[in-house]
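A, B, ... follow the sequence lines: proteins, then strands. Residue 1 opens every chain.
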Amino acid sequence: MTTRIHAILKKYPSELLTEWLNVMTTGGMRRDALMKEAELREQCAEFLRLLTQATEQGNLTDITGASFTQAREMLERLSRSRSLQGFSPAETATFIFSLKQPLFDRLRGEYASQPQVVAEEMWTATLLLDRLGLYTTEVHQRAREEVIMRQQQEMLELSTPVVQLWDRIVCLPLIGTLDSGRTQTVMETLLQRIVETGAEIAIIDITGVPTVDTLTAQHLIKTVTATRLMGAECVISGIRPQIAQTIVHLGVDLAGVVTKSSVAGAFNWALKRLNQTISAQQSLRASGKA
Amino acid sequence: MPIRSAQDLVLVRQAVRTWSAELKFSLVEQTKMVTAASELARNTLDYGRGGHVTLEMLQEGLRKGLRLSFEDKGPGIPDIDLALRDGYTSGGGMGLGLGGARRLVNEFDIVSKVGEGTRVTVTRWK
Ligand SMILES: Nc1ncnc2c1ncn2[C@@H]1O[C@H](COP(=O)(O)OP(=O)(O)O)[C@@H](O)[C@H]1O
Ligand SMILES: [Mg+2]
């Protein structure tokens with residue numbers, strides 16, 4: 001059986017290409033002399049083609065397998081040439097991360113009547129693209145060994161862009177540490193996106209955050225509070241068992257925060273929540289009180 | 001290892017994780033030790049004006065452990081009991097770092113002298 005992600009990639013190659021290029025050019029990717037538009041388009045098209053091949057069958061979250069060889073090789077070439085051109089590892093990884101939104105949009109459109117399927121596939125797509133993105137960072141590092149230390153740290157502070165999962169639901173998948181000045185930017189971006197998309201629920205996914213200490217927790221709590229002030233709700237997903245235990249020992253109180261172990265769980269919660277408000281509004285209207 | 005910048009905190013956490021993994025600590029044990037290290041290293045940086053941490057692998061008979069000593073020559077802590085109290089912070093923190101770190105390890109020791117500096121030593125046994 002071919003995978004659903006493969007089916008989407010195969011069905012909408014040119015749409016995905018256009019939307020992906022759009023995300024990159026509007027999302028503040030560098031478009032100056034470093035990268036000519038035609039060259040970028042070509043790279044995107046090739047990557048989409050190889051990704052379509054690689055995802056045809058099997059386990060999509062393991063990118064080390066033979067089916068991903070060509071896609072990996074292409075990313076390796078791309079990372080090396082970009083590192084020589086002076087791109088940072090974060091910028092190269094953003095190239096991959098920017099594909100999330102278009103792919104998610106298509107998954108959502110295609111399986112609109114099956115939210116469960118959408119949740120599952122988005123999760124797979126997130127893992128897949130995160131891994132490919134981080135792979136480009138690894139290659140980047142190998143290509144420029146003399147500055148390896150600095151770049152590793154940069155990688156650790158990467159955060160992927162805010163993505164819209166569903167009508168009125170956005171997700172912020174975080175990767176790396178949360179204790180730098182970057183946190184502020186990340187949180188501001190989330191609030192900004194909530195305004196832009198009119199989202200009512202924001203999912204902050206911390207699966208990719210290795211350590212949750214009191215400062216991280218404080219940042220998360222502040223973000224949840226700020227989100228509420230904007231009239232939206234916040235769910236934190238990706239709290240693994242070892243993190244949950246550690247948080248309890250630290251004495252951090254997350255009682256007022258909705259938490260879920262996975263993005264899929266958070267997404268389901270969000271859908272239920274939205275449905276409730278929709279049906280509540282409808283019944284109000286039906287009874288003539290609205 | 002030096003603790004002079006936010007980037008050093010990342011390196012300290014990485015080193016503690018690597019050492020904990022080498023000692024075959026379980027994932028939960030690793031996470032607890034790394035988190036305690038993160039708290040103490042940040043205190044060294046924020047309140048102790050920077051300092052350093054020493055990592056030490058221990059072997060006592062059959063049991064193995066990891067000891068971390070955070071040292072700074074900062075202002076010191078005038079009232080250790082107060083500093084350890086949950087919720088107490090002189091900065092803008094949650095005030096859970098010291099008390100939390102103590103709960104995450106097996107042995108916890110703190111020596112501090114006003115005007116001279118602070119040393120916090122934590123040990124976790126496998
Ligand atoms: N190395 C240190 N040097 C001086 N003061 C310290 C040091 N570590 C902790 N403290 C004091 O102890 C208080 C409590 O620390 P902690 O529990 O980590 O909470 P927080 O970091 O949120 O303030 C700090 O606010 C500070 O006043
Ligand atoms: Mg602290």
For chain B, which residues from residues 246-254 of chain A lie under 4.5 Å away (heavy-atom distances)? A:Thr246, A:His249, A:Leu250, A:Gly251, A:Val252

Side-chain donor-acceptor pair present, A:Ser79, A:Thr136, cut-off under 3.5 Å: no

Okay, A:Gln245 and chain B: the region with an atom under 4.5 Å from a heavy atom over there is side chain

Against chain A, label B:Arg17 side chain, backbone, both or neither, depending on which of its atoms sit under 4.5 Å from a heavy atom there. side chain

Test item: side-chain donor near acceptor, A:Thr211 and A:Asp213, under 3.5 Å: no

Could you give me the CA-CA distance, side-chain angles and deciding distance for B:Leu66 and B:Trp125, then say whether side-chain contact (heavy atoms from CB on, under 4.5 Å) is met? CA-CA 7 Å; B:Leu66 178 59; B:Trp125 295 99; over 6 Å; no

Pair B:Lys32-B:Glu29, salt bridge (charged side-chain N to carboxylate O under 4.0 Å, His left out): steps then yes or no: CA-CA 5 Å; B:Lys32 286 183 177 173; B:Glu29 291 167 329; over 6 Å; no

Are A:Asp205 and A:Ser237 linked by a side-chain donor-acceptor pair shorter than 3.5 Å? yes

Qualifying residues under salt bridge (charged side-chain N to carboxylate O under 4.0 Å, His left out), relative to A:Glu120, sequence neighbours excluded: none

Between A:Arg82 and A:Phe95, is NZ or CZ placed under 6.0 angstrom from the six-membered ring centre and within 45° of the ring axis? yes

